[in-house]
Amino acid sequence: QRYADLAVNPEVREVFRTRAKIISELRSFLDGEDFLEVETPALQPLYGGAAARPFLTKHNALDRTLYLRIADELYLKRLIVGGLGRVYEICKDFRNEGIDRFHNPEFTMLEFYQAFIDYKGLMDLTERMLGHVVQAATGSLKIVYQGHEIDFTGPYERLPMLVSLSEALGTDVSGLSADDLRTHAERLGVPDLEGAGWGKLIDKLFGELVEPKLIQPTFVMDHPKELSPLAKAHRDHPELTERFELFVAGGEIANAFSELNDPVDQRQRFEEQARLKEAGDDETHPIDEDFVRALEYGMPPTGGLGMGVDRLTMLLTDQPSIRDVILFPTLRDE
């Protein structure tokens, strides 16, 4: 009953004023960097751009299944192909997944893409963007979130994923098989291991052992290929990708790549995702033939980032749950 909550709690009204300020300042920063704000479809003939289960719907006149978008990534990259060199969108995405303090099935995402930048350049850009937004929304680059003082003054630590997990596990994970990783995960009581391949097991172990300790803003970088079907292969380690996730206060708030722009490699990655789906992984990326065709037209080297607006708002308003920063979150029936 948000109407009652807002009516009697002035501090709740302030949370949503700050949320509006955050969104306004994200736009202000990107507009100042010569990005163009665009709109892409929420109803899509094929979902993509992330690893998630979609919501399905039916278009009666066309007699076809459509999906609510899980991300707007593939449409924004089509615009890069079309010659719009810097684009962004702040939109609602929908993922058919569980509800917890970091997840709501309907959520707000910022995604932006820039031609002729890589993931290291994106780290610099992200630091500047967050510095601008945090200062404008809170009056300082230092905030307190759930008892932790967090400093958004850059530069942020840059932490290779496999190196940090190897240190936490006490063994070099790059030399372990999927069966070895599964054994470690089972020993630690990690849930939902069915159908997980080598990369997904790395991700789950990382989430168990490393993520909760990442309190200050930290770029976790260089993820396995299996986790990143849309990211460019790492220039020095071809089994990895040029990708980073930004963690703050033990949670992920952004995800970014040097974008894969080789159509042959992209098709192979999609086909590998299809094999993982057959093996039981229900959060894989489908094969998108039109997106491969767009890459065949030619996409310049590009960097792209997605940032959770709700999670950023949680941080800057010191709210413990995502439903405290969404006016009308998805809830169970009374």
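These figures come from a predicted structure and were not determined experimentally.
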Residues Arg17, Glu14: salt bridge by 4.0 Å N-O rule: yes
Sequence-distant partners of Glu111, side-chain hydrogen bond (donor to acceptor under 3.5 Å, both in side chains), two or more places apart: Tyr113
Stepwise side chain to side chain contact (heavy atoms under 4.5 Å, CB included) test for Met109 and Val309: CA-CA 5 Å; Met109 181 76 80; Val309 173; 6.0 Å; no
Residues Phe94, Asn96; criterion side chain to side chain contact (heavy atoms under 4.5 Å, CB included); working and verdict: CA-CA 7 Å; Phe94 308 86; Asn96 200 348; over 6 Å; no
Side-chain ion pair, Glu97 and Arg53, N-O less than 4.0 Å: no
Plane angle bin for His237 and His234 - parallel if under 30°, tilted between 30 and 60°, otherwise perpendicular: tilted
Check against side chain to side chain contact (heavy atoms under 4.5 Å, CB included), Ile326 and Asp310: CA-CA 7 Å; Ile326 297 175; Asp310 310 300; 3.7 Å; yes
Lys/Arg-Asp/Glu bridge criterion (N-O < 4.0 Å) met for Arg95, Glu106: no
Given Leu305, Asp222, Val220, the one that forms side chain to side chain contact (heavy atoms under 4.5 Å, CB included) with Phe244: Leu305
Intermediate values then yes/no, side chain to side chain contact (heavy atoms under 4.5 Å, CB included), Arg64 and Leu66: CA-CA 6 Å; Arg64 70 184 299 187; Leu66 294 172; 4.1 Å; yes
Distance-only side-chain donor-acceptor flag, Asp179 / Ser177, under 3.5 Å: no
Glu11, CD atom: more than 12 neighbouring heavy atoms under 6.0 Å: yes
No-hydrogen, no-angle side-chain donor-acceptor test under 3.5 Å, Thr108 and Arg19: yes
Within residues 71-82 or reaching into it, pairs that qualify as salt bridge (Lys or Arg N to Asp or Glu O under 4.0 Å) - sequence neighbours excluded: Glu73-Lys77, Lys77-Glu259, Arg78-Asp288, Arg78-Asp290
Pair Glu186-Arg182, salt bridge (Lys or Arg N to Asp or Glu O under 4.0 Å): steps then yes or no: CA-CA 6 Å; Glu186 290 172 347; Arg182 187 179 299 277; 5.2 Å; no
Return a table of donor-acceptor pairs under 3.5 angstrom between the side chains of residues 327-334 and protein atoms on other chains or two or more places apart.
none

Full working for side-chain hydrogen bond (donor to acceptor under 3.5 Å, both in side chains) between Arg243 and Asn255: CA-CA 8 Å; Arg243 173 185 177 187; Asn255 184 29; 2.9 Å; yes
Candidate pair Thr40 and Glu89, rule side-chain hydrogen bond (donor to acceptor under 3.5 Å, both in side chains), full reasoning: CA-CA 8 Å; Thr40 63; Glu89 184 172 18; 2.5 Å; yes
Phe35 and Tyr88 aromatic ring geometry - parallel, tilted or perpendicular at 30°/60° bounds: perpendicular
SB check Asp63 Lys58 (cutoff 4.0 Å): yes
Under-4.0 Å salt bridge between Arg235 and Asp118: yes
SB check Asp265 Arg269 (cutoff 4.0 Å): yes
Main-chain N/O of Val173 paired with Thr171 side-chain donor or acceptor, under 3.5 Å: no
For Phe16 against Asp324, the heavy-atom pair lying closest together: CZ-O, 3.6 Å
Would you be so kind as to tabulate the donor-acceptor pairs closer than 3.5 Å made by side chains of residues 189-202, with sequence neighbours excluded?
unit_1: Trp198; atom_1: NE1; unit_2: Leu176; atom_2: O; d: 2.8
unit_1: Lys200; atom_1: NZ; unit_2: Asp281; atom_2: OD1; d: 3.4
unit_1: Lys200; atom_1: NZ; unit_2: Asp281; atom_2: OD2; d: 3.1

Closest approach of Ile70 to Phe107 (non-hydrogen atoms, all atoms of both residues): O-CZ, 4.5 Å
Plane angle bin for Tyr156 and Phe219 - parallel if under 30°, tilted between 30 and 60°, otherwise perpendicular: tilted
Cationic N near anionic O, under 4.0 Å, Glu289 to Arg293: no
Residues that His59 engages under ring-ring contact (aromatic ring centres under 6.0 Å, His included), provided they are two or more places apart: none
Salt-bridge contact Arg275-Glu272 (side-chain N to carboxylate O under 4.0 Å): yes
Lys/Arg N to Asp/Glu carboxylate O, Asp93 vs Arg69, below 4.0 Å: yes
Pairwise side chain to side chain donor-acceptor pair (under 3.5 Å) hits with a residue in residues 203-218, at least two apart: none
Other residues, nucleotides, ligands: >12 heavy atoms within 6.0 Å of Arg323 CZ: no
Carboxylate-amine/guanidinium proximity below 4.0 Å for Glu33 and Arg128: yes
